[in-house]
Structure formats: C-alpha cells, structure tokens
**Q** 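Below is a structure I'd like to ask you about.
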Amino acid sequence: MTKRNKVKRTTEERFWAKVNKNGPIPEFAPLLGNCWIWTGSRQRYGYGSFGVHDDTHKTGWRRVLAHRFAYELLVGAIPKELPDIDHLCRVSSCVRPFHLEPVTHRENGLRGMAGWLKTHCKNGHEFTAENTYLNPSTGHRSCLICRKAAKKRRDERRRQR
C-alpha cells in the first residue's frame, strides 16, 4: 500500500479554494455588490461550514461557520456584545465581509422579520387580508392563491395514482 503525496495547504488556502467571488448581486441589497458564495459544505438553511485545526478539540478539528471565519479573517474578532453576524445581503451562503455585520441576537431576530415587510408572495400575488393565510402555530404568512394552486396539484397527483 502506498501513501499519497498530499500537499499540505494552510487553513486560509483551504478556505479561499471554496469561495466564488463572482457570485450574484443580491436582490435585497444590490448596492452591496456581488456576493462571495461559499461552495463548500453547507449546514441547514444554507450557511457554509468549514473545518479548522484545533488542538483543544479531542479530534484536532472543529467545524465553524464560513461567514464567521471570513469576518474574523478579514475584519477582526467578533465583539462579545454583538455575537450574531447578520447577512445584509440576505444570502446565507455569502462570506463577503462587507455584506456581514455583527449585531445582537435580538437585532438579528428583528431583521429576520423582514418577511413581514414583503407586500407580494414569490409568485407576485399581493398580500391582502383576503389573500393571506396566517399559520396559527408558526405565525408565517402565505398566499391563498398559491396555496389553492398547490392543493389542486396535489389532488391531481393523487387522482393519477
């Protein structure tokens, strides 16, 4: 059995190998410019995940969020009083530090409520009192036109079985 000649790369080299600096311009905030999209592994909700060497961890490695790593690498330490990093571009896989801002957990949650500021669903139907379903358990809104169309598609598929 032969060992492969493995080229040792630094943590930074490994990180930058997984970043596409020619990402899309965010719809939510086009003035920010292109996103830097994380192309490596992602966690739930699309946040990038990255392994870093850590002698204090029993395996010698630990997982970090790619956007937090990028911020600390290029800007500096994340302040303890502002522990959350908010994506100003609203693109969870973005690691561009200019698109990231340290905020309190409360502020991050409030900014996440931006969905309530939307006036139309993703298919362009207006959110009105007559056309909006409010889920009583989650508090999320959805368009009644889209919900009815989805139900019609589901019923059609069931009939075809």
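Nothing fancy with the numbering, it's 1 onward along the sequence.
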**Q** With sequence neighbours excluded, tell me which residues meet salt bridge (Lys or Arg N to Asp or Glu O under 4.0 Å) with Arg158.
**A** Asp155

**Q** Please enumerate all residues that pass side-chain contact (heavy atoms from CB on, under 4.5 Å) together with Asp86, with sequence neighbours excluded.
**A** Leu88, Arg90, Val103, Asn108, Arg111

**Q** Does Trp61 sit in a hydrophobic cluster with other residues, and if so which ones, taking ILVMFWY side chains as linked at heavy-atom separations under 4.5 Å, directly or through other members?
**A** none

**Q** Backbone N or O of Tyr45 within a donor-acceptor pair of the Ser92 side chain at under 3.5 Å?
**A** yes

**Q** Is there a donor-acceptor contact under 3.5 Å from the side chain of His53 to the main chain of Thr11?
**A** no

**Q** Would you sort out whether Val91 and His99 count as a side-chain contact (heavy atoms from CB on, under 4.5 Å), showing the intermediate values?
**A** CA-CA 9 Å; Val91 177; His99 292 198; over 6 Å; no

**Q** Which pairs count as ring pair (Phe, Tyr, Trp, His ring centres under 6.0 Å) when at least one residue sits in residues 72-91, sequence neighbours excluded?
**A** Tyr47-His87, His67-His87

**Q** Where is the tightest heavy-atom contact between Glu27 and Pro30, given as atom of each residue plus distance?
**A** O-CD, 3.6 Å

**Q** Quick one: does any side-chain atom of Asn131 pair with a main-chain N or O of Cys143 as donor and acceptor, under 3.5 Å?
**A** no

**Q** Would you please name every residue forming a side-chain contact (heavy atoms from CB on, under 4.5 Å) with Glu13, sequence neighbours left out?
**A** Arg9, Thr10

**Q** Tell me every residue that passes side chain to side chain donor-acceptor pair (under 3.5 Å) with His105, counting only those two or more places apart in sequence or in another chain.
**A** Asp84

**Q** What distance do His125 atom NE2 and Thr132 atom OG1 have between them, rounded to the nearest 0.5 Å?
**A** 11.5 Å

**Q** Distance check, rounded to the nearest 0.5 Å: Lys18 atom NZ versus Arg14 atom CZ?
**A** 6.0 Å

**Q** Could you go step by step and tell me if Asn34 and Lys21 meet the side-chain contact (heavy atoms from CB on, under 4.5 Å) rule?
**A** CA-CA 7 Å; Asn34 288 41; Lys21 289 187 176 180; over 6 Å; no

**Q** Closest approach of Arg141 and Leu134, non-hydrogen atoms and distance?
**A** CG-CD1, 4.0 Å

**Q** With sequence neighbours left out, write down each residue that passes ring pair (Phe, Tyr, Trp, His ring centres under 6.0 Å) with Tyr71, or none if nothing qualifies.
**A** none

**Q** If you look at every heavy atom in Arg96 and Gly33, which pair is closest and at what distance?
**A** NH1-C, 3.9 Å

**Q** What pairs meet the ring pair (Phe, Tyr, Trp, His ring centres under 6.0 Å) rule with one or both residues in residues 141-161, with sequence neighbours excluded?
**A** none

**Q** Restricting to side chain to side chain donor-acceptor pair (under 3.5 Å), what partner residues turn up for Glu156, sequence neighbours left out?
**A** Arg159

**Q** Looking at residues at least two apart in the chain, or sitting in another chain, which of them share a side-chain contact (heavy atoms from CB on, under 4.5 Å) with Thr56?
**A** Asp54

**Q** Hey, could you give me the CD1/SG distance between Ile25 and Cys89, rounded to the nearest 0.5 Å?
**A** 12.0 Å

**Q** Which heavy atom of Pro83 sits nearest a heavy atom of Thr104, and at what distance?
**A** CD-CA, 4.3 Å

**Q** Apply the hydrophobic cluster definition, ILVMFWY joined by side-chain contacts under 4.5 Å directly or through others, and give me every member besides Trp36.
**A** Phe15, Trp16, Val19, Trp38, Phe50, Val52, Val64, Phe69, Leu73, Leu74, Val95

**Q** Can you sort out the partners of Ser41 under side chain to side chain donor-acceptor pair (under 3.5 Å), two or more places apart, ordered by chain and number?
**A** Arg63

**Q** Take atom CZ of Phe98 as the centre, draw a 6.0 Å sphere, and report whether it contains more than 12 heavy atoms from other residues, nucleotides or ligands.
**A** no

**Q** What's the shortest heavy-atom distance between Val75 and Pro97, and which atoms?
**A** CG2-CB, 3.7 Å

**Q** With rounding to the nearest 0.5 angstrom, report the SG to CG distance, Cys146 to Asn123.
**A** 4.0 Å

